[in-house]
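Okay, so here's the structure we're looking at.
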Amino acid sequence: MAQPSGSRPVTVSDVQQLVKRKDEIEAQIKACYELLESQKGVGMNEPLVDAEGFPRDDIDLYQVRTARHNIICLQNDHKALMKQVEEALHQLHAREKEKHAKDEAEALAEAMSQSQSLPQAFAKVNAVTPGSPASVSGLQVDDEIVEFGSVNVNNFQSLQNIATVVQHSEGRPLSVTVIRGGKKVHMGLTPKCWAGKGLLG
C-alpha cells in the first residue's frame, strides 16, 4: 500500500484505501485470535510448556506461536496505519478549509474588482422630458453620468461644461456613458432643437 506521499495531495480515495487496509488487518488479527481460541483457549500470554517445563502436547505449538507472532506484527501495522489514516484525514480537512477560504477570498476579490471597475460619476439625471432628445436617446432619471462627450470626472467643474459641449455638438451624436443599476451603459445622444427648452430636455 503506497503511503500518501508529501509530493501529491491526499485524496479521498487514498483515505478509503487506507481504511480498507485497516479493515483487512483487523480481520486478520481476529482470525489469529480465533485460532488461539481454538487451541484450548490459549491467549497471548499463557505458557506453552506444562508444569514440568515440557512443551504442551495438547495444542499445536507451531500454530500458536505463528498466530501470536502474526498478532504482534499485525497490531504494529494497524497502529502505523491508524496514524496514516489520521494524518490523511487531517490533510483532507486542512485542504477543504483552505479551499473554502480561497473560494471566499476569490468571491470577495471579484466583488471588489467589480465595484472598483465602475468609473466615478460626476452628475445625476434628475428629470428627462418625454419626447426630448435626451429621452429619445434612452437617458433615464437616476442615471449617473460618467462621460458626456469630452466631459468626465477628471475635467468636470460645473454643469456649464456640459452646456458648452451640447452647444458645440448640435446635430452631432455625443457618446454618453452612465451607471444604471450598478452597470455601465453606453448611448449616443444628439443635441438638437425640439419643441421644448434647450437642446436636450
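We're numbering straight along the sequence, starting at 1.
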Legend entry - Student check: side-chain heavy atoms of D143 and V128 closer than 4.5 Å: no
Inset, instruction - Please round to the nearest 0.5 Å and tell me the distance separating atom CD1 of I145 and atom CZ of R180. - result: 11.0 Å
Legend entry - Atom pair CG (L48) and CZ (R68), whose distance is rounded to the nearest 0.5 Å: 4.5 Å
Inset, instruction - Check whether any side-chain heavy atom of V153 lies under 4.5 Å from a side-chain heavy atom of V146, and answer yes or no. - result: no
Legend entry - With D77 via salt bridge (charged side-chain N to carboxylate O under 4.0 Å, His left out) - residues at least two apart: none
Inset, instruction - Could you tell me whether E46 atom CD has more than 12 heavy atoms of other residues or ligands within 6.0 Å of it? - result: yes
Legend entry - Joint cluster assignment, V141 & V176, ILVMFWY side-chain distance < 4.5 Å: yes
Legend entry - Test: E34 and K30 ion pair at under 4.0 Å: yes
Inset, instruction - For residues V10 and L92, report the shortest heavy-atom separation together with the two atoms involved. - result: O-CD2, 3.5 Å
Inset, instruction - Run the salt-bridge test on E98 and R95 with the 4.0 Å N-O cut-off and return the result as yes or no. - result: no
Inset, instruction - Indicate the atoms forming the closest heavy-atom contact of S150 with V165, along with that distance. - result: OG-CG2, 3.9 Å
Inset, instruction - Can you see which heavy atom on L35 is nearest to which on S38, and at what distance? - result: O-OG, 2.5 Å
Inset, instruction - Specify the closest pair of heavy atoms between L61 and P55, including all atoms of both residues, with the distance to one decimal. - result: CD1-CB, 3.3 Å
Inset, instruction - First locate atom NZ of K97, then atom NE2 of H90, and finally report the distance between them rounded to the nearest 0.5 Å. - result: 11.0 Å
Inset, instruction - Locate the shortest heavy-atom distance separating P130 from S135; write the atom from each residue and the value. - result: CA-OG, 4.0 Å
Legend entry - Contacts of K183 that satisfy salt bridge (charged side-chain N to carboxylate O under 4.0 Å, His left out) - sequence neighbours left out: none
Legend entry - Residue pair Q140 / V125, side-chain heavy-atom distance below 4.5 Å: no
Legend entry - same_hphob_cluster(V12, L81) at 4.5 Å side-chain heavy-atom cutoff: yes
Inset, instruction - Using the side-chain hydrogen bond (donor to acceptor under 3.5 Å, both in side chains) rule, pick out the option among K83, Q28, E26, R21 that qualifies with H78. - result: E26
Legend entry - From C32 atom SG to H69 atom NE2, the distance as rounded to the nearest 0.5 Å: 10.0 Å
Legend entry - Joint cluster assignment, L89 & M82, ILVMFWY side-chain distance < 4.5 Å: no
Legend entry - Common cluster, V136/L174, ILVMFWY with side-chain heavy-atom separation under 4.5 Å: no
Legend entry - Contacts of type side chain to side chain donor-acceptor pair (under 3.5 Å), residue D58, not counting sequence neighbours: R56
Legend entry - Distance, nearest 0.5 Å, that separates CG of D60 from NZ of K40: 12.0 Å
Legend entry - Donor-acceptor under 3.5 Å (D103 side chain, H100 main chain): no
Legend entry - Closest contact, heavy atoms only, L189 versus A134: CD1-CA, 3.6 Å
Inset, instruction - Show the numbers, then the answer: is there a side chain to side chain contact (heavy atoms under 4.5 Å, CB included) between F122 and F148? - result: CA-CA 10 Å; F122 60 82; F148 194 99; 4.1 Å; yes
Inset, instruction - Verify, without hydrogens or angle tests, whether N155 (side chain) and N152 (backbone) share a donor-acceptor contact under 3.5 angstrom. - result: yes
Inset, instruction - Hey, could you give me the CG/CD distance between L18 and E86, rounded to the nearest 0.5 Å? - result: 12.0 Å
